[in-house]
Amino acid sequence: MDLQFLGGASEVGSLGLVIRDQGRTLLFDYGLTPTDPPTYPRPAPTNVDVAFLSHAHLDHSGMTPLLSRLPKARLIATPVTIAVADLLTKDALKVARLEGYLAPYTPSDIHSLHAKFTAVGRHDTFRHRGIEVEFTPAGHIPGASMVLYRGEKDVLFTGDLQTIPTHLVGGAEPLECDVLVMESTYSGREHPDRRETERRFRDKIEATIERGGKAIVPAFAVGRAQEVLMTLASTGFEVYLDGMARSVNEIYEAAPEYLADARRFRRALDGVHVVEHPGDRRKALREAEVIVTTGGMLDGGPVLYYVGELYRDANSSIYLTGFQVEGSNGRQLLDHGTLTIDDTVIHPSCEVEKFDFSAHAGHSDLVRVAKESRAETVVLMHGDQRDALRAALEPTCRVVLPENGKAFAL
Ligand SMILES: [Zn+2]
């Protein structure tokens, strides 16, 4: 059996793993890094038999439309992942058009991919020509799955992983396997206590409202915006939602079995005012106390409209809720207190703070998942600081730190 990363081995982004075993070629995730311009993994082999998609985030799904051009490849994922990946890949094409760079695929590739998808349930086993693969929930976001391939060895591919239960989804449970291919985004780093973070987030918003300001909450459309809305449920704040998260909400509402508590999710959304058209944004600006909107790193989307209107108001706040990648506007805001909008640098007077609503397991939880898997080999991927995890795991198992493009045997 050999493994080869097309991308995403030593960085968070553009993930793709090829496993060759007993004459089969299997692909696990095929994503792009949505920077400006995006970066792409190496091309997938043309003889892929089956591709498995752990979840819909673009760094895992963004290149899948190219698989429509491979003659025999089939693509397996949960129905929620299929629906959200369709939305995100279409949006990636729109962004490419707006920003003026060459897209890696066409709308017809996305369309053709529909015929190649097979949906599997959250605890289903996929069997095809001797290939057996089990799906099991990975926490992280609704529909996210760990994928257990039963081959010459049992290989568990975690995709992105969260072990603590959140409002939106339950936590992942460790699974036994021979080889664990595990994400390591938070290698060496722990998250602050989630309940405490939520309490501080709500208190900060309340203080903003009390001094007459509005809280702008930039949030990623898939997973984060919904988690934030559930955190704000029953606070009584006037919450407005704008951006692509609206479409994601509809997909989640139609798939209640993928949510930790579908009734609570619906109730949280019931209290939220949805901005249906750009023309409604003035109303949102007038009446909202909290505006939850994309993009999560302030690099585009309706958030820029709201920030443009409110940045001079010292009573208002910008509360970031997600990871801010190097080079993003959100990172610039955190590090230097400035934003670049339409080539103009502005200095917001608003209060700025970042809250850790991460959907990734922290270091200790990753160590626990690896130990309880009882894997003989742990392959650390999807992380740029993997040494801390290696040091923690090496006493009990063999640890492999793969490099992009280099095949290795197991
Ligand atoms: Zn993810």
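We count ligands from 1, going down the list as the structure has it; atoms in each ligand are counted the same way.
The Zn ion (ligand 1) has an N, O or S atom of H140 inside 2.8 Å of it.
Note on H57: its N/O/S atom closest to the Zn ion (ligand 1) is ND1. The N, O or S atom of D160 lying closest to the Zn ion (ligand 1) is OD2.
The aromatic rings of H55 and H140 lie perpendicular to each other, with more than 60° between the two planes, well past the 30° mark.
The cationic group of R189 lies under 6.0 Å from the six-membered ring centre of Y186 and within 45° of the ring axis, placing it in a cation-pi geometry.
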Apply the test salt bridge (charged side-chain N to carboxylate O under 4.0 Å, His left out) to residues R195 and E198: give CA-CA distance (whole Å), side-chain angles for both, the deciding distance (0.1 Å), then the verdict.
CA-CA 5 Å; R195 296 286 162 251; E198 291 179 1; 3.1 Å; yes
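In this structure, the side chain of K116 engages the main chain of L70 through a donor-acceptor pair within 3.5 Å.
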